[in-house]
Every structure is written in structure tokens, then in C-alpha cells.
Amino acid sequence: MLLPGSTIGMLGGGQLGRMFTVAARTLGYKVIVLEPDPLSPAGQLADQHLRAAYDDEQALRQFGEQCAVVTTEFENIPAQTLEFLTQFCPVRPSATAVQVAQDRMVEKEFVRSCGLSPVPFAPIRQLADIPSACSQINFPAILKTARFGYDGKGQITVNHPSEVEAAFLQLKTVECVLEQRVDLAKEISVVLARSVHGEMDCFPVAENLHRNGILHQTIVPARINEALAEQAKQAAQRIAAKLEFVGVMAVEFFVTRQGELLINEMAPRTHNSGHYSLDACITSQFEQQVRMVCELPFGDTRLHTPVVMMNLLGDLWGSSQPIWDELLHSPNSKLHLYGKHEARAGRKMGHFCTLHPDLNAAIAEADRIFSTLPQV
Ligand code: ADP
Ligand code: MG
């Protein structure tokens, strides 16, 4: 067990790293963040911010020598970086576990190897793959880059096979997957923790609403039946076990109109759809990550109050700031801002949670507050 006072290394300096840093420092750990951005959300709050690239060997050496354990908040940390750091201290999760989630193609094959169903897809690595891919997938479909996509970026909807070539060229002919567009009844996600000994614990299932490919709202508990919630938790645990994952990870699911559960994607880190746990669970996903990487026992993930989380994107800032009055006047709402210096359209600047014993009341209040935020 790594006790409070030990130093944890965090690869990545975004909001997930920031909320991890708060949780770790609250428990009395020291945190060193390695992140190139000098103004990063996590770097601002860490004991030490090493401003360096993820492949800067000298910086990694300096980082590794000071840390008792290293973890991550960003799925695109190069596998070589994680591998390199293992000569200094444990790295949790491992390079192998993280790598699977870095490539949609690898990820989908992995999901299949777990006996689970990914969204129907076909690989397109080069122009010549297009006819065969189109014959396997029903349209409308979505062409997605295999790597480096997030918040709906690197995706183009294609309504007809004749549109695929132009979309592939627009995505610069990098490796892609052609994915069937699913008729969604709901999107849900499971955030779970897995210990070095292989024990697992899931947070309550979250129901997610996206706008323009970006998470907009998370509702917990998800409005689904108990059997489906259990099925999602079992699937997520099967994936985590097969990955031999250590830490906190997330699995995103689609529920089709036919009631089928498909795996959309996974994240080898804490997840936006788990932010509600900061305010509505006994233990947050970030504290649980601290606990897992330091080999502490699990914290209780029970939901103490129904909750709605709303993301705050840069669009709400306009030329100044959102109008905070209603949000700040709501005694059962909690504002979280990430300390980002520049608001851009689509950029995640913060979130808020509204808690209420009656879930419908929480939804109505969160929606009402959200509608008062934009400057007019
Ligand atoms: P990202 O890595 O950007 O989160 P996702 O594949 O999760 O990429 O896509 C973002 C969102 O776009 C999903 O949560 C969903 O709302 C929508 N979406 C993506 N793929 C599909 C699909 N095949 N069918 C229906 N909706 C989809
Ligand atoms: Mg996603």
C-alpha cells in the first residue's frame, strides 16, 4: 500500500487530471503532473508541474525517479512512454491496457474477443477497402478515424456508399472504421474500478445525452430496468478483467430501439459521464482512482442522491462569461470549473451537478438552470 505522503505521477494535465489531483491531495498525497501545456488545468493544482512532452526521455526519467506510482488521465499517452516508466515504478493502468482503447479497430476486435457486441463496423485502411466495407454495413453510416478522435471529432456521417470516398479523403485517408449508425433508444455508461488483485466495483449506471457528438447531460440513476443495468455492469467488468486493468475505466454503450446492448467505446481512465460521482456518491471516481493505484481498499460508490450533470462548453462563454446567477442561487447545484484560460466552441470548460431526491425534479431544475446561462 502506498500511504498518504507518497508521490503520485499523473500523465496528462486536463480536467480529469485536475480532479484527480484534488482528490489525491485531499488524501494527503503529493502529485506531479507531466504535461506540455504551461497553463494546464491539472498543472495549476499539482505539487509540481513538469512541463515536457510525453516522449521527452530526460523529463520522463526525472518524473519516474520522483514517483511511487504513475497513472494517467489521457488515453493517447504513447504506449512507449508508459512502458519506459515501468523501470522506475508501477504504472497503472499498463501500456497494454491503454493501447487497446487508442485504436477503434483494435478496440472493437477486443470487444468481440470478450464475447460482446461492438457496433457493426468494417475497416477502411485504404481507398481499395471502400467497396467491401460498404457491402458489409447498412447506411446511413459514420466514418470514424481509428485513432485520436474525441468529442465527435474525426467523424463524418455518410448517408450513401457514394459519399464514403469523399469522407475518407476529407479525413486525410488515415485508417478509419465505417460504422453503422445505430437507431438509439438510449446511451448509457459504466465507470468501474479494478484493483491490482482483480477485485472490481462499478459506479451506478449513467444515462447520457449527447449534442453534436459531445456529452451534454448525464442522468443518474439511468432510467433503464435493473436487468439491463446489470448486463451493462457485467459487460464492463468482463472487458476490464480481460484487459487486466488497474485503476478506473469507463465503457460507453448504445441501447438500440430493439433493446439490444452494443458497446460503443471504452476509455482507460476516469470519464466525463462519471463526474456526477464527485457530488452524488460517497466516493468519487477520482478518489477511487487514487485508491486503486495506491492499493488502498475500495471506497463506497453508493449514490446518495439522484443527480443530473450538465457539461459547460466554451460556447456558453461568448465574449465574456455565462450568467451564473441562477446556478449560484440553486442551493442543491454544484459548479465545477476547470481553470481553462481560453473558452473555445466545443471546449469543456466545466460542469455542474443538480441533486434532488426526486430525479425528475433534478432534471427539470438542471435544464432550467442551463437555459439561463447563455449571454444574450
Ligand atoms: P468520441 O470518441 O468522440 O466520444 P463516439 O464514437 O463515442 O466518439 O461518438 C460520440 C457520440 O456520437 C456518441 O456518444 C453518439 O451519441 C454518437 N454516435 C457515434 N457513433 C454512433 C453510431 N454508430 N450510431 C449512432 N450514434 C453514434
Ligand atoms: Mg464517446
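Order of listing sets the numbers, starting from 1, for every ligand and every atom in it. For clarity, every value in this text was computed on a predicted model and none was experimentally measured.
- Two residues are said to be in side-chain contact when any heavy atoms from C-beta on lie closer than 4.5 Å; Phe298 and Arg291 fail this criterion.
- Put simply, the side chain of Gln66 does not reach to within 4.5 Å of the side chain of Cys89, judged on heavy atoms.
- For residue Asp151, no N/O/S atom approaches the Mg ion (ligand 2) to within less than 2.8 Å.
- Note that Lys242 lies in the cation-pi zone of Phe110, set by a 6.0 Å cut-off to the ring centre and a 45° limit from the axis.
- Within 4.0 Å of ligand 1, the residues that place a heavy atom are Arg104, Val119, Ile142, Lys144, Gly149, Tyr150, Asp151, Gly152, Gln155, Glu179, Gln180, Arg181, Val182, Leu184, Glu187, His210, Gly213, Glu252, Phe254, Asn264, Glu265, listed by chain and number.
- Between His275 and Phe352, a ring centre-to-centre spacing not shorter than 6.0 Å is recorded.
- Remark: aromatic rings of Tyr276 and His351 are distant, center separation not under 6.0 Å.
- Taking the Mg ion (ligand 2) as the corner point, the angle from Glu252 atom OE1 to Glu265 atom OE2 is about 90° (rounded to 10 degrees).
- Test Lys144, Arg104, Lys108 against Glu265 for salt bridge (Lys or Arg N to Asp or Glu O under 4.0 Å) and you get one pass: Arg104.
- For the side chain to side chain contact (heavy atoms under 4.5 Å, CB included) criterion with Thr7, the lone passing option out of Ile32, Val31, Asp47 is Ile32.
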